[in-house]
Amino acid sequence: MQTKYDYDVLYIGSGHAVDGVIALAKKGLKVAVVEGDRYGGTCPNWGCNAKIALDEPIKLTKEQKRMKEIVNGNLSINWSQNMKHKHELIDGFSGKQKNEKQAAGIDTIDGWATFVDPHTISVNNKKYSSDKIVIATGQHPNIINLPGNEYAHDSRDFLALDELPKSIAIIGAGYIALEFATIASEAGAKVTILMHRDKVLRQFYQPYVLSVVDELKHDGVSFIKNANVASYSQNDSGYQVHYGNRKILNVDWILDAAGRVPNIKNLNLGKAGVDYDRKGIKVNDHLQSSQANIYASGDVADTGEPKLTPAATFESKYLTKLLSGQKKDAIQFPPIPSTVFTSPRIAQVGVTVDQAKQNPEKYIIKSKNIKDDWYRQVDKEEIAKYTLIFNRQDQLVGAAEVSDHAEDVIDYLYPAIALKLDREKIEYLEPFIFPSIAHDAWKRL
Ligand SMILES: Cc1cc2nc3c(=O)[nH]c(=O)nc-3n(C[C@H](O)[C@H](O)[C@H](O)COP(=O)(O)OP(=O)(O)OC[C@H]3O[C@@H](n4cnc5c(N)ncnc54)[C@H](O)[C@@H]3O)c2cc1C
Ligand SMILES: NC(=O)c1ccc[n+]([C@@H]2O[C@H](COP(=O)([O-])OP(=O)(O)OC[C@H]3O[C@@H](n4cnc5c(N)ncnc54)[C@H](O)[C@@H]3O)[C@@H](O)[C@H]2O)c1
């Protein structure tokens, strides 16, 4: 494709919302990626991959505690070695990401992009023009505007802590709060979660959430409901969180985990004619913004889908097909699965249990406590429950699980839900390896 612009397609951002870029370049389009920070974006550098690297030994010590009569000794987390291992796994990732793009003939432009007009951006005072532009700038932590918030840290700081603080206050009770509380508490910190209201992980099935909350409490994590955090301060002994009616919590470290907000402020979107609000860039069913040549992908796009890696990757791959002319149809999202990587995990996909309960004429709910199943007792799981949701045509449309294997179970069941498999196909797919979590999951259907 020959255009009057420097590029056919220019991406702002280099996270999973850009996963389709190499395939696009292979189609012969002239492509550039602008990145102001580390290539690869949040998920590998300071999100999913970094977190799961720290979490793996946590899972191990939790399991060893359950097996203590069988596996001798007391395992404990060496925080600095755990962090060193995380650095070894993660730190080279960004360079590899950048090299892969360059090797595919993609121009990588280092710096922060701002719009000059709908076809032009500026990076470090140099202008670049492009026929199509994809805004894929992700989100940043929502640091609550409170007095003393210079003492509060974000998730990125936590994932780089050289030393584990003895006590940590976590503001918020969502994904990051619960996952990091699991890691920090098991590694030896005293963790207090200060909740905005009275619910933890409100988008997940609450009985499963409460099982995880009970487990965390058992491990010493405190939860303060309706905390009404007012300010933070510092003195010789550490930091203080001022909350409720003149109450003070003294800690060594404060993590603000009160959600994330789209990276749109510094893009100068007024010059691009792109509409947005606090939920992100407004897009139509082709991920196209209010300016016809500008698209949005990933966390920054207000698609109504969860702001998760699988959604960002799916959107990016859709855009690859759309922008290379292979596809014209609107984007059709499959159900986006999600896991909270606590110990045990909570995972879900498709129609939620609450949605099914509200529509009994449409759905049949099957729930089971499988804690005592022989396969779950192999590693002495203490919490293992699932719920399956079927429509009236006997198709699996939703699933939720709380257990140490919840993310794998939901992944194994995912094809049945996403492809709407009928009974005959499900029975044909019966021969999973035995014994295995996949077999354990599929035999439920
Ligand atoms: C702690 C944490 C844990 C997470 N764990 C999971 C998980 O387990 N599973 C899961 O599915 N999701 C998880 N997520 C969410 C997941 O990381 C995001 O959904 C995903 O990274 C979104 O990808 P993206 O490409 O849209 O945005 P990002 O990965 O954030 O990429 C955006 C990129 O744009 C760059 N950028 C921004 N503005 C500009 C500009 N003006 N010019 C140039 N570059 C710019 C940024 O530097 C960034 O690199 C987690 C998030 C966090 C914070
Ligand atoms: N396992 C995963 O897939 C995973 C893990 C981490 C993060 N993420 C992604 O990153 C996003 C951000 O994670 P998160 O945990 O920060 O967000 P979240 O939306 O999951 O939780 C935010 C929490 O902050 C609370 N809160 C909001 N405003 C507040 C205020 N003013 N004062 C006190 N509390 C307040 C909310 O009530 C909620 O409990 C997630 O929504 C998700 O998209 C995903």
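Both backbone and side-chain heavy atoms feed into the values below; hydrogens, waters and symmetry mates do not. Throughout, residue positions are numbered sequentially from 1 according to the sequence presented. Counting convention: from 1, in listed order, for ligands and their atoms alike.
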Could you work out, for [atom], the closest of [options] by heavy-atom distance?
atom: atom 17 (O) of ligand 1; options: Gly111, Gly47, Cys43; answer: Cys43
atom: atom 18 (P) of ligand 2; options: Pro310, Gly174, Ala311; answer: Gly174
atom: atom 32 (C) of ligand 1; options: Ala136, Gly41, Gly13; answer: Ala136

Regarding ligand 2, does [X] bring an N or O atom to under 3.5 Å of one of the ligand's N or O atoms?
X: Phe341; result: no
X: Ile176; result: yes
X: Gln203; result: no
X: Tyr175; result: yes
X: Ile171; result: no
X: Lys307; result: yes

For this session: Answer with yes or no whether the side chains of Tyr208 and Thr387 bring together a donor and an acceptor at under 3.5 Å.
Result: yes
For this session: Please determine, by modelled atom types, if Ser289 and Gln291 share a side-chain donor-acceptor pair under 3.5 angstrom.
Result: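 No, because no side-chain N or O of Ser289 sits under 3.5 Å from a partner of the opposite role on Gln291.
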Problem set entry | Ser403: partners by side chain to side chain donor-acceptor pair (under 3.5 Å), with sequence neighbours left out | Arg376, Glu401
Exercise. If you measure every N/O of Thr309 against every N/O of ligand 1, is any gap under 3.5 Å?
Worked result: yes
Exercise. Judging by distance only, is a nitrogen or oxygen of Lys51 under 3.5 angstrom from one on ligand 1?
Worked result: yes
Exercise. Of Lys371, Lys59, Lys385, Arg66, which meets salt bridge (charged side-chain N to carboxylate O under 4.0 Å, His left out) against Asp404?
Worked result: Arg66
Problem set entry | Any pair counted as side chain to side chain donor-acceptor pair (under 3.5 Å), so long as it reaches residues 307-316, sequence neighbours left out |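 Passing the test, one end in residues 307-316: Asp19-Thr313.
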Problem set entry | Test item, Tyr175 contacting ligand 1 (heavy atom, 4.0 angstrom) |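 In this structure, Tyr175 fails to qualify as a contact of ligand 1 - no heavy atom is under 4.0 Å.
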Exercise. Any side-chain heavy-atom pair from Ile183 and Trp79 closer than 4.5 angstrom?
Worked result: yes
